[in-house]
Chemist: 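First the structure, which I've put down as structure tokens, then a few questions once you've had a look.
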Amino acid sequence: QVQLVESGGGLVQAGGSLRLSCAASGRAFSRYAMGWFRQAPGKEREFVATITRDGGSTGYADSVKGRFTISRDNAKNTVYLQMNSLKPEDTAVYYCAGSSGYYYPRANSEYNYWGQGTQVTVSS
């Protein structure tokens, strides 16, 4: 089992950058594919980015491709989301998630561990 704690959210102006971190406790972090999701007020939680266990492959939602970068450091049990060129529509609670059963998970249902989320607010 793994516990996930996100940090790094905050308020930023449009065009700015933030880096989110997700620290994992528990065993065998490198056995989990990791992902980021987000949920805006009144909307369903949506996929943002995914990274495979060894970090060799990454995937992104079309809405963030070219602006966001997911990475991981298995020695530090941490996954990151670098967010550049932020837009007001990126405002949401961002969740870190871990998947023990899928190589390249992109759907909510493919993740079995979730953090509590960190708020990102982008002002125009």
Side-chain angles (χ1 to χ4, degrees):
Q1 192 169 358
V2 62
Q3 293 80 43
L4 304 173
V5 179
E6 303 95 336
S7 62
L11 174 64
V12 63
Q13 289 188 334
S17 298
L18 281 175
R19 188 175 83 153
L20 305 183
S21 298
C22 173
S25 61
R27 296 185 174 183
F29 174 72
S30 62
R31 295 182 182 178
Y32 298 88
M34 299 297 296
W36 288 94
F37 288 74
R38 66 186 182 186
Q39 186 168 19
K43 296 187 177 181
E44 293 186 353
R45 188 160 56 188
E46 65 175 3
F47 167 77
V48 174
T50 187
I51 188 166
T52 53
R53 296 166 186 169
D54 63 355
S57 294
T58 58
Y60 299 92
D62 288 343
S63 59
V64 306
K65 200 172 295 183
R67 299 188 298 122
F68 290 11
T69 302
I70 188 172
S71 61
R72 67 189 296 163
D73 186 337
N74 285 346
K76 295 183 178 180
N77 283 11
T78 303
V79 62
Y80 305 97
L81 186 68
Q82 178 67 44
M83 305 186 295
N84 298 329
S85 302
L86 283 161
K87 305 175 182 180
E89 50 264 45
D90 294 318
T91 295
V93 176
Y94 282 72
Y95 297 90
C96 170
S99 173
S100 61
Y102 292 85
Y103 175 73
Y104 191 72
R106 295 173 70 98
N108 281 273
S109 61
E110 294 175 337
Y111 287 85
N112 46 343
Y113 299 104
W114 294 87
Q116 293 191 333
T118 185
Q119 177 70 47
V120 172
T121 303
V122 184
S123 63
S124 57

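Everything quoted here is computed from the prediction, not taken from an experiment.
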Chemist: Apply the side-chain contact (heavy atoms from CB on, under 4.5 Å) test between V122 and each candidate in D90, L18, L11; give the one that qualifies.
Modeler: D90
Chemist: Tell me, do N108 and E44 make a side-chain contact under 4.5 Å, heavy atoms counted?
Modeler: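 Side-chain contact under 4.5 Å: no.
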Chemist: For S85, is there any backbone N or O sitting under 3.5 Å from a side-chain donor or acceptor partner on R67?
Modeler: yes
Chemist: Could you check if a side-chain atom of Y95 sits within less than 4.5 angstrom of a side-chain atom of L4, using non-hydrogen atoms only?
Modeler: no
Chemist: Are V93 and I70 in one and the same hydrophobic cluster, where Ile, Leu, Val, Met, Phe, Trp and Tyr link if side-chain heavy atoms are under 4.5 Å apart?
Modeler: no
Chemist: Please confirm whether the backbone N or O of R31 pairs with a side-chain atom of R53, one donor and one acceptor, at under 3.5 Å?
Modeler: yes
Chemist: Show the nearest heavy-atom pair for residues A92 and Q119, with the distance to one decimal.
Modeler: O-NE2, 3.4 Å
Chemist: Measure across F47 and A61 and return the closest heavy-atom pair with its distance rounded to 0.1 Å.
Modeler: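 Heavy atoms only, the tightest pair is O-CB, 3.4 Å.
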Chemist: Looking at E6 and Q116, would you say the former's side chain and the latter's main chain have a donor-acceptor pair under 3.5 Å?
Modeler: yes
Chemist: I need the single residue from V120, T118, V64 that forms a side-chain contact (heavy atoms from CB on, under 4.5 Å) with R38. Which is it?
Modeler: V64
Chemist: Could you tell me whether a side-chain N or O of Q13 sits under 3.5 Å from a main-chain N or O of S123, the two making a donor and an acceptor?
Modeler: no
Chemist: Would a hydrophobic clustering, with Ile, Leu, Val, Met, Phe, Trp and Tyr connected at side-chain separations under 4.5 Å, put W36 with V2?
Modeler: yes
Chemist: With the side chain counted from C-beta on, respond yes when W114 and R45 share a heavy-atom pair under 4.5 Å apart, and no when they do not.
Modeler: yes
Chemist: When rounded to the nearest 0.5 angstrom, what is the spacing between OG in S100 and OH in Y113?
Modeler: 5.5 Å
Chemist: When hydrophobic residues are tied together by side-chain contacts of less than 4.5 Å, even through go-betweens, does F29 share a cluster with L81?
Modeler: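 Yes: a chain of side-chain contacts under 4.5 Å links F29 to L81.
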Chemist: Measure the CZ-OG distance between R19 and S7 for me, rounded to the nearest 0.5 Å.
Modeler: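 Result: 9.0 Å between the selected atoms.
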Chemist: Any non-hydrogen side-chain atom of M83 less than 4.5 Å from a side-chain atom of L20?
Modeler: yes
Chemist: Is the shortest heavy-atom distance from the side chain of T69 to the side chain of Y60 under 4.5 Å?
Modeler: yes
Chemist: To the closest 0.5 Å, what do you measure between SG (C22) and CG (N77)?
Modeler: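 Between atom SG of C22 and atom CG of N77 there are 10.0 Å.
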Chemist: Side-chain contact test, heavy atoms from C-beta onward, threshold under 4.5 Å: evaluate it for S21 versus K76 and give yes or no.
Modeler: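 No, every pair of side-chain atoms sits at 4.5 Å or beyond.
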Chemist: Got Y32 and S99 here, is their nearest side-chain heavy-atom distance under 4.5 Å?
Modeler: no
Chemist: Does T50 use its side chain to pair, donor to acceptor, with the backbone of P105 at less than 3.5 Å?
Modeler: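 Yes, because the side chain of T50 sits within donor-acceptor range (under 3.5 Å) of the backbone of P105.
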Chemist: To the closest 0.5 Å, what do you measure between CZ (R72) and CG (D54)?
Modeler: 8.0 Å
Chemist: Quick one: pull up OH in Y103 and CD in E110 and give me the separation to the nearest 0.5 Å.
Modeler: 14.0 Å
Chemist: Parallel, tilted or perpendicular: which one describes the rings of Y94 and F68, with boundaries at 30° and 60°?
Modeler: tilted
Chemist: Among side-chain atoms of S109 and Y102, is any donor-acceptor pair under 3.5 angstrom?
Modeler: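 The answer is no; no qualifying pair exists.
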Chemist: How about Y104 and T52: do any of their side-chain heavy atoms sit closer than 4.5 Å?
Modeler: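 Yes, at least one pair of side-chain atoms sits under 4.5 Å.
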